[in-house]
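Before any comments, here is the structure.
Throughout, protein chains are lettered first and strands after them, A, B, ... in sequence-line order, and every chain is numbered starting at 1. Only this structure's heavy atoms are used, side chains among them; waters, hydrogens and symmetry mates stay out.
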There are 2 protein chains.
Amino acid sequence: MNKSEHFEESLQELARFSRCLAHPARLAILKFLAESRTCISGDISDYIPLGRTTVSQHLKELRKLGLIKGEIDGLKINYCLNCDEIREYLRLFEKYFDDIKNAEITC
Amino acid sequence: MNKSEHFEESLQELARFSRCLAHPARLAILKFLAESRTCISGDISDYIPLGRTTVSQHLKELRKLGLIKGEIDGLKINYCLNCDEIREYLRLFEKYFDDIKNAEITC
DNA sequence: ATCTAATGACGCAAACATACGACATAGTCC
DNA sequence: GGACTATGTCGTATGTTTGCGTCATTAGAT
């Protein structure tokens, strides 16, 4: 039933990025990682008002798209932003919206 | 089950915007409207590789968030971008990502 | 008035997302 | 080794999205 693959690859990629940002928990996680710059691990679960396993799943989504990285440090895991990848996606986003913003439409 | 409302309002708003962009058909519609600046109506259905009713539903989503407007013109409906609203959301988006981009994280 | 065309609303089925408890794994500490 | 801790994986329930056929509505054409 899913017909996403009928669209341009760049649109599909942007849609995947957007979908990853389409839940406030994931936005909160990225924000938290940006603020607590020391890349602290599972304090994330304490900060986010959701169960631990749910947070774990959101982290998995973010990792799947490459927006964050997780490094094992003994028993804990240090998550942190993958800034390069994020900037890559932001470039795609801006490229798409440049055309749209500048459409001087009168109707 | 949905716990979205447990998060900051600005994150929820950004999540709604992202969700609206999270399907390539909707991205394709916005792009099409930006290019065919004459705000033409249901040629959109011809351009998008999906059934007419499905496209109609995607248009509804975009309208619900205010990214596009639809004006009745006799039998047809002229859809067009709501650039002001789009720019509003983009500002929110940029505000959020400014903090994240500038997080100089080393891990 | 009747026919046709453009469109949205409704309803359904399949797929996907969200939330979480229970279990598995793997590192630490004694 | 055994207990404990941090974390991921699996299964499952419920909710949401996607895609589309059918029907209703409204405007224009004959």
Side-chain angles (χ1 to χ4, degrees), chain A residues 1-7 11-12 15-29 32-33 36 38-65 67-80 107, chain B residues 1-7 11-12 15-29 32-33 36 38-65 67-80 107:
Chain A
M1 185 172 115
N2 193 329
K3 299 203 164 180
S4 287
E5 69 279 0
H6 295 178
F7 295 89
L11 293 184
Q12 289 185 47
R16 278 194 297 273
F17 177 55
S18 300
R19 172 153 277 156
C20 207
L21 303 177
H23 195 292
R26 291 193 287 273
L27 293 172
I29 290 170
F32 180 74
L33 288 176
S36 69
T38 39
C39 310
I40 294 167
S41 75
D43 317 303
I44 301 170
S45 310
D46 302 339
Y47 176 74
I48 305 285
L50 291 172
R52 191 188 57 76
T53 44
T54 307
V55 172
S56 183
Q57 250 178 293
H58 285 304
L59 287 167
K60 193 176 163 189
E61 290 288 310
L62 290 165
R63 210 161 12 135
K64 202 170 73 186
L65 204 73
L67 302 187
I68 63 174
K69 292 182 281 197
E71 294 202 347
I72 297 170
D73 170 23
L75 195 52
K76 304 203 169 188
I77 294 191
N78 284 353
Y79 277 107
C80 64
C107 73
Chain B
M1 185 172 117
N2 193 330
K3 299 203 163 178
S4 288
E5 70 278 0
H6 294 179
F7 294 89
L11 293 184
Q12 289 186 47
R16 279 193 296 274
F17 176 56
S18 300
R19 173 156 276 154
C20 207
L21 302 177
H23 195 292
R26 292 194 287 273
L27 293 172
I29 290 170
F32 180 73
L33 289 175
S36 70
T38 40
C39 309
I40 294 167
S41 75
D43 315 304
I44 300 171
S45 310
D46 301 339
Y47 176 74
I48 305 286
L50 291 172
R52 191 189 57 76
T53 44
T54 307
V55 172
S56 184
Q57 247 177 299
H58 284 304
L59 287 167
K60 193 177 164 190
E61 290 288 311
L62 290 165
R63 209 162 13 134
K64 203 171 72 185
L65 205 73
L67 302 187
I68 64 173
K69 293 181 281 196
E71 294 201 348
I72 296 170
D73 171 23
L75 195 52
K76 304 204 170 188
I77 294 191
N78 283 354
Y79 278 106
C80 65
C107 73

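Here the P atom of nucleotide C:dT7 and the CD1 atom of B:I68 are 13 Å apart, to the nearest Å. Counting to the nearest Å, the P atom of D:dT17 and the NZ atom of B:K60 are 12 Å from each other. We find that CG of A:L62 is positioned 14 Å from P of C:dA17, with the value rounded to whole Å. Taking atom CD on A:E71 and atom P on D:dT7, their separation rounds to 14 Å, with Å as the unit. Put simply, NZ on B:K64 is 15 Å from P on C:dG8, counting in whole angstrom units.
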side-chain contact (heavy atoms from CB on, under 4.5 Å) assessment of A:L33 paired with A:I44: CA-CA 8 Å; A:L33 288 176; A:I44 301 170; 4.1 Å; yes
side-chain contact (heavy atoms from CB on, under 4.5 Å) assessment of A:F17 paired with A:L67: CA-CA 9 Å; A:F17 177 55; A:L67 302 187; 4.1 Å; yes
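Across the interface with DNA chain D, nearest-nucleotide mapping of A:R63 and B:R26 shows A:R63 to be the residue nearer the 5′ end. If you find the closest nucleotide of DNA chain C to A:A25 and to A:D73, the one lying nearer the 5' end belongs to A:A25. The residue among B:G42 and A:A22 whose nearest nucleotide of DNA chain C is located toward the 5' end is B:G42.
In this structure, the side chain of A:R26 does not engage the main chain of B:A15 through any donor-acceptor pair within 3.5 Å.
In the set D:dG19, D:dA6, C:dT7, the nucleotide with an atom closest to the side chain of B:I77 is C:dT7. When each of C:dG21, C:dA26, C:dG8 is scored by its nearest atom to the side-chain atoms of A:T53, the top-ranked nucleotide is C:dG21. Here the side chain of A:Q57 is nearest to one of D:dA27, D:dT9, C:dA19, namely C:dA19. Comparing atom distances between the B:R52 side chain and each of C:dG8, D:dG19, D:dA6 picks out C:dG8 as nearest.
The side chain of A:S56 places no N or O atom within less than 4.0 Å of a non-bridging phosphate oxygen (OP1 or OP2) of D:dT7. Put simply, B:K3 has a side-chain N or O that comes within less than 4.0 Å of OP1 or OP2 on C:dC20. The phosphate of C:dA19 has OP1 or OP2 within less than 4.0 Å of a side-chain N or O from A:H58. A:Y79 has no side-chain polar atom (N or O) that falls below the 4.0 Å cut-off from OP1 or OP2 of D:dA6. Contact annotation: B:R19 side-chain N/O to D:dT17 OP1/OP2 distance is under 4.0 Å. OP1 or OP2 of D:dC20 sits under 4.0 Å from a side-chain N or O of B:T54.
Residue A:L50 is classed as a sugar-phosphate contact, given heavy-atom separations below 4.0 Å to backbone atoms only. Across all strands shown, B:E61 has no heavy atoms under 4.0 Å from either base or sugar-phosphate atoms.
Taking every heavy atom of both residues into account, B:Y79 and B:I68 meet most closely at CD2-CD1, 3.7 Å.
The aromatic rings of A:H23 and B:F7 lie perpendicular to each other, with more than 60° between the two planes, well past the 30° mark.
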